[in-house]
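For the single chain, residues carry numbers from 1 onward in sequence order. In listed order, ligands and their atoms are each counted from 1.
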Amino acid sequence: MIPVVHHPDYIGPARSGSPHQTNKYGLVHALLTTSGAAIDWIEPQMMPRIWLEAVHDPDYVAEVFEQRVPPEKTRRIGFEVTAQVARRSARVPGGTWRAGVEALDKGFAVNSAGGSHHALYQTGAGYCVFNDLAVAAHRLVEEGRTARILIVDCDVHQGDGTASLLAGRTDIATYSIHAEKNFPARKARSTLDVGLPDGVSDDEYLESLAGTLEPLIADFRPSMLMYQAGVDPFVGDRLGRLNLSHAGLAAREAYIAGLAVRLGLPLASTLGGGYGADLIEVAGRHVASVLALAQGFGLHKVAIATAPQHSTLDGCGAPA
Ligand SMILES: [Zn+2]
């Protein structure tokens, strides 16, 4: 069974004209349900306010909960913080924390939303309200559930919020591999940043990832990994600048899962960026990512397409 944390609060209404569509999370849920994979669905609690306030400015947290986010912050976030958005913004970090707890118990778990890596101390940004990765990592460490967390961020955009919220921590480190010319224009400083030139494709990406992540792990010696599995490095992504294929994304997930298994590190994964006009295609990319990770942990077998059986191939072997 693949432990997947999900809650109906994750799913928002369609927003016309916005690249960020929270109704994609409903499609992810639907596609996972019909994928044939054995899923252990887990419902998360909301992240208690005290843990949000441990990482974000309590005044900003109040602005979100009371739906009085000022216009300049609304502009940075990219959508209005309504009651539904506020509820979602507390539920999703609760889910990332729960995925962390499940991963520590079972080795691997997924939050079927999250990866809100642009959210900063006093404001949200780039479609992110609260930084679920930073909030959950902080809580997991403070509760004594694990000692040292490395956040591995493979979204095509730099994890600037996570980097700045966790800067100076000795018990949580941040890694971001991203398109250097992409949003945000002003980068923060992660423990390790790998800024890639535009147009990087599968082999070069995977080589850069392995060549930089493994030395960081050897140096930092984490006790668990949290993974932002953005699928926006895909060649067809509306907001990406890299050229990864579907096979390249699957190879990335196989590599990350394989590394965690080899090193005996629990892996809690979140979704992340993924943009395009066809939301089913985008949701399909996220689902393929989840299933490839699960396969790396031996929790799922991705079906390998077999050639259709033609009667003309039987017996003498010459196709018609
Ligand atoms: Zn992104």
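Defined by atom type and a distance below 3.5 Å, a donor-acceptor pair is present between the side-chain atoms of D132 and T96. Side-chain atoms of D202 and S245 form a donor-acceptor pair, as typed in the model, at a separation below 3.5 Å.
Within D232, OD2 is the N, O or S atom that lies nearest to the Zn ion (ligand 1). The atom of H157 nearest to the Zn ion (ligand 1) is ND1, with the search restricted to N, O or S atoms. Taking the N/O/S atoms of D155 in turn, the shortest distance to the Zn ion (ligand 1) belongs to OD1.
A side-chain contact (heavy atoms from CB on, under 4.5 Å) with V64 is found for exactly one of L52, V129, V85, namely V129.
Side-chain atoms of D193 never come within 3.5 Å of backbone atoms of G195 as a donor-acceptor pair (strictly under, hydrogens ignored).
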